[in-house]
Amino acid sequence: MAADLPNSVKQLSDSGAFSSLPLQLYASRDPTAPSDVDATLEPQIPTIDLSLLTGATPRERARMVQRLGRACQDWGFFMVVNHGVPEGLRQAMLEAAKKFFDLEEEDKEELRGETVLDPIRYGTSFNPKAEVGVRYWRDFLKLAVHPDFHSPAKPLCFSDVLRDYATCTRRVGMELLKGIWESLDLEENDMNKALKLDSCFQVFVANLYPPCPQPELVFGLPPHSDLGLLTLLHQNGVDGLDVEHGGKWVHVKPLPGSFLVNAGDHMQIVTNGRYKSTLHRAMANGKSTRVSVLTVVGPSLDTVVEPVAALVSSERPAMYRGWSYRQFLECHQGNQLKEKAVLELLRCRDHEDVI
Ligand code: OGA
Ligand code: NI
């Protein structure tokens, strides 16, 4: 970034020195574009009751599995309630993330990673090295937490809270995956083997979106899909996430206490396009600081992920080539964030119109 500008958006926001955005760096939205938000549709993002998936009668479970499958098909997003993760832990995680961003800038600067697979990586925007003239209004912390656990040493409480949070959210993710496989008549064991889920690569992300002087000109994050199998998100009560549905954007207002969960690109690959990853974006706002924390559950890093044989047929040939999750991650995190660009690279050319 230019020498006279602070490195992080938090610093930029805190300084109060900018009543307008340094445009050469941040303009990423066209304020004159017609609204693409669907305000008429009362967003009915489906709700999944995890307790009816795990501790219920076979009939209740079957109903919830069906609901889960429909949610994946119709939205690619759903809210999970009765997930068993204590509210105290969820709040403590948000607090710890906020405290991390409140550290001295020097402490955070040390964690600006060199490569996209650094297990501890602090940053601003998405990938400034690949973004020419465009930045996003976000600071982030990304941590690899499974199979090996990584945490910054500061703030002091962070690592303990993260360890619990990572374990609990991984458990929720795995239960949801089981239900999702069941909704497609896939064998859990086969899927665990194909994706090596015992050593699943799990990433924790904390996002900070400070108050922005001109939120109409900038995205917190532009439209994109996530790269793993499932992402679980919760936030500090400030809304800002939009989800694409039926060609329009829908503002999401998550139920208090819920996780907002979405299918990622690897869900789309492994299910041969039966369940798709959904585009979403984070909006900046002028008033409040927004914090979101995410768990991204993916296959193990060196597994080559391909459409599973049970979902490939002569009528529905394999739509994607196999890549290791590591390759995908390097490509996704090492370039500009652009809708579903990396997934498109893997699409088999002769099946362009199947999807
Ligand atoms: C992400 C993301 C949305 C949010 O980090 O991939 O989509 O609301 N975040 O912070
Ligand atoms: Ni995302």
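Whatever order the structure lists ligands and atoms in, that order sets their numbers, starting from 1.
- The six-membered or imidazole ring of Tyr325 lies near that of His266, with a centre-to-centre distance under 6.0 Å.
- The aromatic rings of Tyr165 and His234 sit tilted, their planes meeting at an angle between 30° and 60°.
- Applying the side chain to side chain contact (heavy atoms under 4.5 Å, CB included) test between His280 and each of Asp242, Val250, Asn262 identifies Asn262 as the sole match.
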Got a list of side-chain donor-acceptor pairs under 3.5 Å for residues 189-198, not counting sequence neighbours?
none

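- With respect to Lys154 and Asp107, a salt bridge is recorded, a charged nitrogen being found less than 4.0 Å from a carboxylate O.
- Aromatic ring centres of Phe126 and His224: separated by at least 6.0 Å.
- Taking a heavy-atom cut-off of under 4.0 Å, ligand 1 is surrounded by Arg138, Asn207, Tyr209, Leu221, His224, Asp226, Leu233, Leu241, His280, Arg290, Ser292, Leu294.
- Looking only at its N/O/S atoms, Asp226 has OD1 as the one nearest to the Ni ion (ligand 2).
- Between Phe101 and Tyr122, the ring planes lie tilted relative to each other; the angle falls in the 30° to 60° range.
- For His224, the N/O/S atom at the shortest distance from the Ni ion (ligand 2) is named NE2.
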